[in-house]
Amino acid sequence: MDRWIAPGRVNLIGEHTDYNDGFVLPIALSLGVVCAAGPRTDRSVRLTSAQRPGEVVEVAVDDLAAQRDRVPGWARYPLGVVHEFVCRGHPVTGVTLAIDGAVPIGAGLSSSAALCCAVTVALRDLFAPALTERALIEIAKAAENEFAGVPTGVLDQSASILCTAGHALFLDVRAFTAAADPEAVVAEQIPFDLGAAGLTLLVADTGHPHDLADGAYAERRAQCEAAAAALGVRALRDATEVDLTRLTDPLLRRRATHVVTENARVLAMVEQLRTGMDPRAVGALLTASHRSLQADFEVSTPALDLAVAAAMDVGAYGARMVGGGFGGSVISLIDHDATERVIAGFAERFAASGLSAPWVFAVEPATGAHRLV
Ligand code: GLA
């Protein structure tokens, strides 16, 4: 069987902005999900995962929707992709899929989109070679939203498909989703080379997993929609800081404040990177993003706040939680030479709070989903 890989992501900035038609700026990780795949002619899907030894899921291609509630939760992501291909009329004659994921689950690093995207690019090459990148993203997102039942935006799938090595991906989500031409990819690859400036981006996975299917994420989405409706705008992307004063409900005002200020922070960071400014300068935007996610959007946790505080105490230029929140990971921008000191700082601060040390690793912008040769 041939193999394909799709990466997880770190979103540098632009959290909870994607489903508000806003801006995001992710990089792909070198950690990814590998999918070995081979075509079958018996109209069945045979699915295994290295992370679920001994478990084999077999479902008929024509029976996927009916079997959805009977298969294990993890299997809904890959099967959702197969289902989406079938629904779109692609000639899937059956497929064997063997998954091996290296992206930690629930760490805010987009393991589920990596899984869906790995299967999506595999099925493209086996059954639908003409699919555009836009279509790949839509298929992977639909699998997660409709078959796995997790109401994500388009950030994770876009990052996993479109990111390139050495770059951050600046995506205007409204322009991307509204582009009339299906070939059009409204994204800008922005050079992102921290090493040249003597810097490192560290991920600290707190080991407290989140579960985006649990309702709090959907609740935030609904609150953003309610705030947009109260302001009479299509999406919070269209609201300004002045508009915020018109929101009388304090909760909706806090949620909208995060989205409006976060979009501004993405644009500010993009501008700083485009003009080749010292990347240390973006640290303040990272920390401001965290404060906003903590106080206004209320998706941080004590462990995430502790990790941010620990990073800042040992000299990080900026730090923030990444992904949907309610658990997961923190990124911090540090001097490369300070890596050991920062890792020790995390361990010390977590031990003092009775928590086990986070798993810390450095990340560099890697390439998007592709076939392995
Ligand atoms: C999760 C979702 C994304 C995005 C982020 C928050 O990762 O899958 O679509 O909304 O949360 O920025």
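Computed over heavy atoms, backbone and side chain alike; hydrogens, waters and symmetry mates excluded. Ligands are counted one by one from 1 in listed order, and the atoms in each one are counted from 1 as well. Model, not experiment: these values are computed from the prediction.
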If only side-chain N and O atoms count, and only distance matters, is there a donor-acceptor pair under 3.5 Å linking [Y] with [X]?
{"X": "Trp74", "Y": "Glu55", "answer": "yes"}
{"X": "Arg349", "Y": "Ser353", "answer": "no"}
{"X": "Thr17", "Y": "Glu262", "answer": "no"}
{"X": "Thr261", "Y": "Arg265", "answer": "yes"}

Which ligand 1 atoms are under 4.0 Å away from a heavy-atom of [X]?
{"X": "Tyr19", "result": "10 (O)"}
{"X": "Asp18", "result": "3 (C), 4 (C), 9 (O), 10 (O)"}
{"X": "Gly153", "result": "9 (O)"}

[X] N/O to ligand 1 N/O under 3.5 Å:
{"X": "Arg9", "answer": "yes"}
{"X": "Glu15", "answer": "yes"}
{"X": "Gly323", "answer": "no"}
{"X": "Thr152", "answer": "no"}
{"X": "Thr17", "answer": "no"}

inquiry  = Would you say the rings of Phe192 and His167 are close, in the sense that their centroids are separated by under 6.0 Å?
reply    =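 Distance test on ring centres: not under 6.0 Å, no.
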ask   = Taking the six-membered ring where the residue is Trp, are the ring centres of Phe23 and Phe176 under 6.0 Å apart?
value =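 Phe23 vs Phe176: aromatic centres not under 6.0 Å.
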request  = Could you check Ser300, Ser292, Ser289, Ser332 and say which one makes a side-chain hydrogen bond (donor to acceptor under 3.5 Å, both in side chains) with Arg320?
outcome  =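 Result for side-chain hydrogen bond (donor to acceptor under 3.5 Å, both in side chains) with Arg320: Ser289.
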message = Any heavy atom of Glu262 closer to ligand 1 than 4.0 angstrom?
response =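 Contact absent.
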